[in-house]
Amino acid sequence: MEKEKQNVAMTAEEIAEYRAYLAEKKRKETEEEEARQREMYRGMVDEEIETVMPVLEDLSRDIASVKKGVFDNFKSILDLKSELMMMKSDNQRSHTFTNSAGTMRITLGVYMLDGYTDTVEDGIAMVREYIMSLATDEKSKMLVDSVLRLLSRDQKGTLKASRVIQLKKLADQSGDERFQKGVRIIEESYSPTVSKQFVRAERKDENGSWKPVPLGMTES
């Protein structure tokens, strides 16, 4: 049975109110739907994180275990290498080993963080004193500024070792004893710390190029 349609007479004001009612109703429905979608999204994220996190934690433990195993397995080789080369392997930051066929190679090493003892400030003061004495005119001041930038520190407040090497070259070229002494103090105060160990694996492809074996989540 079809519903009987009725026409209702409405004033312009009533029509405007009805349209406003419909618009408000639609707005609320839209907001409720968006809220429901956001809640569903948060639920999906929570569920997936709870599922994936244990897998990633297991993977992290496996990587750490394999990494430790590789270093342990190569320890005797490193000890023998230091004997054969008559040098301490601890002084070398990385070691690369290649198979006899020249098709595979593994590099073991450590990342280092630059660091200095307190005496570095004395060396820096000496170097600054000498450099500033050279600023006699505008041209020389520009040169002084560029050299002083070598003494600038990174965001962690550490002097970069690579810049100290550049300073040493300038000191040797200058022939100034105080400049050289300042750089020498900076060098002697250098005390780097081990950040973390790393393992790199590579295999040579059919074209004779070394290709890395992806060992990280961002490398494959």
Exercise. Would you mind checking if Glu31 and Lys28 are paired as a salt bridge, meaning a charged N to carboxylate O distance below 4.0 Å?
Key: no
Quiz item: Going by atom types only, do Thr107 and Thr96 share a side-chain donor-acceptor pair under 3.5 Å?
Solution: yes
Practice problem: Apply the side chain to side chain donor-acceptor pair (under 3.5 Å) test between Gln37 and each candidate in Glu34, Glu39, Glu33; give the one that qualifies. | Solution: Glu33
Self-check item: Expected output: side-chain Ser60 to main-chain Leu56 donor-acceptor under 3.5 Å
Solution: no
Exercise. Using the ring of Trp210 (Phe, Tyr or Trp, six-membered ring only), decide whether Arg105 places NZ or CZ under 6.0 Å from its centre and within 45 degrees of its axis.
Key: yes
Quiz item: Thinking salt bridges, do Arg178 and Glu129 make one under a 4.0 Å N-O criterion?
Solution: yes
Practice problem: Output yes when a side-chain donor or acceptor of Asp114 lies under 3.5 Å from a complementary backbone atom of Lys160, and no otherwise. | Solution: no
Quiz item: Given side chains that start at C-beta, do those of Val66 and Val199 come closer than 4.5 Å, heavy atoms only?
Solution: no
Self-check item: Cationic N near anionic O, under 4.0 Å, Asp72 to Lys75
Solution: no
Quiz item: Should the pair Glu32-Arg36 be classified as a salt bridge under the 4.0 Å nitrogen-to-oxygen rule?
Solution: no
Exercise. Kindly say whether Ala171 contributes a backbone atom to a donor-acceptor pair with the side chain of Ser174 at under 3.5 angstrom?
Key: yes
Self-check item: Hydrophobic cluster identity match, Tyr190 and Leu151, side-chain contacts under 4.5 Å
Solution: yes
Exercise. Tell me whether the guanidinium CZ or amine NZ of Lys81 lies under 6.0 angstrom from the six-membered ring centre of Phe97 and within 45° of its axis.
Key: yes
Quiz item: Are Glu24 and Arg27 within salt-bridge range, i.e. N to O under 4.0 Å?
Solution: yes
Self-check item: Derivation of the side chain to side chain donor-acceptor pair (under 3.5 Å) call for Arg163 and Ser152
Solution: CA-CA 9 Å; Arg163 293 176 179 174; Ser152 61; 2.7 Å; yes
